[in-house]
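Notes follow the structure.
Throughout, numbering of the chain's residues begins at 1 and tracks the sequence.
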Amino acid sequence: MRLALEALNAPPSLRIAARILGWPFAFLGYQGDPKLPPISRALTALGPAYIKFGQIMSTRPDVVGDDLADELKMLQDALPPFDMQTARKSIERELGQPVDELFSRFDPPIAAASLAQVHQAVERETGRKVAIKVLRPGIERAFLRDVDAFYFAARMVELLSPSARRLRPMDVIEHFESVVVGELDLRMEAAAAAEFRANTLEDKGFQVPEVVWHLSARRVMTLEWAEGSRFGEPETLAAEGADLVELSARVLQIFLKIALRDGFFHGDMHQGNLKLAPNGDIIALDFGIMGRIDVYTRRVYAEILIGFLRRDYRRVAEVHFEAGYVPADRDIDAFAQALRAVGEPIFGQDARRISMAKLLAHLFEVTERFGMETRTELILLQRTMVVVEGVARSLNPAMNMWETAKPAVEDYIRDNLGPRAVLQDIAQTVRVFSRFGPLLPGMAEDFLIRTNKPANRKSHRSEMLPWYGWLLTGAAFASAIGLLLSVL
């Protein structure tokens with residue numbers, strides 16, 4: 001605890017309080033694996049949900065320091081594995097056949113993370129090399145235990161700190177639980193991997209392995225083997241001829257492009273889940289945490305990003321108010337001024353001169369001052385942005401996120417917020433309207449019958465013409481647009 005608080009530059013009063021309050025309960029804690037460094041040992045002893053937090057921190061040496069970030073990297077895919085016999089039994093129970101009948105070779109685990117471990121194998125029937133992901137025994141119970149503890153902590157925060165209620169801690173934990181539940185069913189992960197692969201199949205420089213469906217089940221998932229070098233070893237990548245500056249920009253731009261274009265994105269893109277293929281493609285792995293954002297939220301997010309990139313802080317403020325992210329009773333000009341204080345120190349700066357810890361603290365102060373509540377629909381996107389930027393900066397410490405993000409955001413803005421986007425919205429509206437086409441005659445007849453009943457004739461007479469006119473106008477409009485689209 002002491003080392004973690006020091007790394008996060010916590011106030012001295014908080015460090016002293018943690019030491020005094022924690023001492024009487026020290027004997028109740030888990031000892032963990034003594035072979036691990038202190039903080040990694042503490043997180044692994046606490047449970048899988050806490051390991052997730054450590055994985056995020058491992059991507060941000062600019063926040064927790066280089067030494068701690070290096071120590072935490074082992075949480076990404078180098079945790080102690082469970083034994084081969086247990087893995088074999090799990091595979092046989094899930095797939096209904098002995099491992100030796102399914103695979104001509106089944107190797108010891110090559111990676112182990114908080115929820116599962118991965119084995120390399122060769123499919124007996126086809127000779128294809130595959131990667132088999134197997135859930136840890138008892139992981140469901142362990143994760144739900146952690147979530148219960150998080151709920152308790154969230155309730156205590158809401159009870160003891162009324163000012164923190166705007167952060168909606170209970171809603172945040174509920175969102176986290178929904179993500180976890182999906183991650184514990186590998187059939188859902190396989191479906192997410194297949195959808196993500198279909199969406200990105202035409203994206204140059206990016207790969208998603210194919211799912212082997214007949215060798216996948218609830219606790220076992222099999223993918224085609226993806227050959228490549230680990231992102232967590234920049235020195236090795238450079239020795240193999242990779243351009244780390246170019247790779248740094250590409251990983252961030254690919255993430256933004258996919259998230260804004262499809263609204264379906266990889267929500268756990270730390271170094272342990274990325275490889276660099278021999279041909280230079282980025283390979284994504286581990287699809288247990290995937291995020292979705294709707295079209296409207298994507299446009300709001302893109303407008304906020306492009307506003308920052310253009311230093312149009314007034315427009316950024318307006319978008320926040322229009323989307324309801326800031327209460328309507330706050331001063332829009334004061335909010336724009338606060339955003340300028342956040343954005344201006346970043347632009348044109350070498351990332352090594354920017355203190356992310358101070359920047360995050362400043363952002364928190366701004367959200368508190370203007371009463372901004374946590375947006376659960378953006379939690380995963382924002383979290384992943386923090387992780388992806390950390391990955392990019394591990395490859396190129398001088399990378400400036402705003403400048404790097406600009407091409408991807410501008411492409412999205414051009415395609416989705418201009419005249420072309422308006423036409424697409426109209427076409428989509430017409431398609432929805434046309435589905436009700438067969439029902440329109442009956443709806444019109446029913447309306448006319450009801451409005452012409454003796455009891456209702458007088459009261460509805462003045463309304464009849466406008467409604468009927470609206471109906472005819474809508475039908476004519478739909479026909480005209482449909483004709484226009486067919487010609488185009």
Side-chain angles (χ1 to χ4, degrees), residues 60 62 203 205 245-263 265 269 291 293-323 325-326 332-356 358-360 362-364 366-367 370 372 375 377-393 395-422:
R60 302 304 319 208
D62 52 331
D203 291 334
V245 173
E246 183 274 336
L247 187 61
S248 168
R250 183 151 53 100
V251 70
L252 180 63
Q253 290 170 355
I254 282 177
F255 168 75
L256 277 173
K257 173 185 175 182
I258 293 171
L260 292 174
R261 181 192 66 198
D262 304 327
F265 60 92
M269 280 185 66
I293 45 175
D294 59 54
V295 174
Y296 175 74
T297 304
R298 274 181 264 163
R299 291 184 181 180
V300 168
Y301 197 72
E303 277 211 83
I304 290 172
L305 288 176
I306 201 66
F308 267 113
L309 291 171
R310 294 172 178 170
R311 302 190 185 186
D312 186 353
Y313 301 106
R314 172 72 187 194
R315 180 56 190 153
V316 175
E318 289 172 350
V319 173
H320 277 81
F321 276 79
E322 290 166 3
Y325 293 173
V326 178
I332 191 171
D333 292 316
F335 185 59
Q337 184 178 351
L339 292 175
R340 184 179 296 275
V342 172
E344 285 301 309
I346 299 174
F347 288 104
Q349 294 290 331
D350 184 318
R352 288 170 292 198
R353 298 176 59 185
I354 301 171
S355 170
M356 286 302 297
K358 291 181 179 179
L359 177 62
L360 292 173
H362 188 184
L363 282 171
F364 187 82
V366 170
T367 62
F370 290 92
M372 296 174 66
R375 310 296 303 193
E377 71 272 21
L378 288 176
I379 289 175
L380 188 55
L381 178 64
Q382 292 168 337
R383 167 197 180 273
T384 310
M385 277 291 293
V386 170
V387 171
V388 173
E389 190 207 358
V391 171
R393 287 180 63 167
L395 300 170
N396 174 24
M399 186 210 72
N400 185 297
M401 187 193 79
W402 296 105
E403 296 301 323
T404 305
K406 194 171 185 178
V409 179
E410 286 184 334
D411 286 348
Y412 175 82
I413 292 291
R414 184 185 63 248
D415 295 338
N416 292 274
L417 292 178
R420 178 180 174 185
V422 173

Step by step, work out the side chain to side chain contact (heavy atoms under 4.5 Å, CB included) result for Leu380 and Arg383.
-> CA-CA 5 Å; Leu380 188 55; Arg383 167 197 180 273; 4.1 Å; yes
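- Heavy-atom minimum distance, Glu322 versus Tyr296: O-OH, 4.0 Å.
- Other residues, nucleotides and ligands contribute only 12 or fewer heavy atoms inside 6.0 Å of the CD atom of Gln337.
- In this structure, the side chain of Arg315 does not engage the main chain of Arg310 through any donor-acceptor pair within 3.5 Å.
- A distance of 5.5 Å separates CZ of Arg298 from OH of Tyr412, quoted to the nearest 0.5 Å.
- Taking CD1 of Ile306 as the start and CD1 of Ile304 as the end, the distance is 12.5 Å to the nearest 0.5 Å.
- Taking CD1 of Ile293 as the start and CZ of Phe265 as the end, the distance is 5.5 Å to the nearest 0.5 Å.
- Glu389 contributes no side-chain N or O that, together with a main-chain N or O of Leu252, makes up a donor-acceptor pair within less than 3.5 Å.
- Glu303 CD to Asp312 CG: the interatomic distance, rounded to the nearest 0.5 Å, is 10.0 Å.
- Remark: Arg393 CZ to Met401 CE distance equals 10.0 Å, nearest 0.5 Å.
- Counting heavy atoms from C-beta outward, Arg250 and Leu247 have side chains that approach closer than 4.5 Å.
- For the side chain to side chain contact (heavy atoms under 4.5 Å, CB included) test with Arg261, the passing option among Asp203, Asp411, Asp415 is Asp203; the others fail.
- Pairing each heavy atom of Thr297 with each of Tyr325, the nearest pair is CG2-OH, 4.2 Å.
- Nearest heavy-atom pair, Val409 versus Ala302, reported as atom, atom and distance to 0.1 Å: CG1-O, 3.8 Å.
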Please lay out, stage by stage, how Leu305 and Leu256 fare under the test side chain to side chain contact (heavy atoms under 4.5 Å, CB included).
-> CA-CA 11 Å; Leu305 288 176; Leu256 277 173; 4.3 Å; yes
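- Residues Glu318 and Arg314 are paired through a salt bridge, judged by an N-O separation under 4.0 Å between the basic side chain and the carboxylate.
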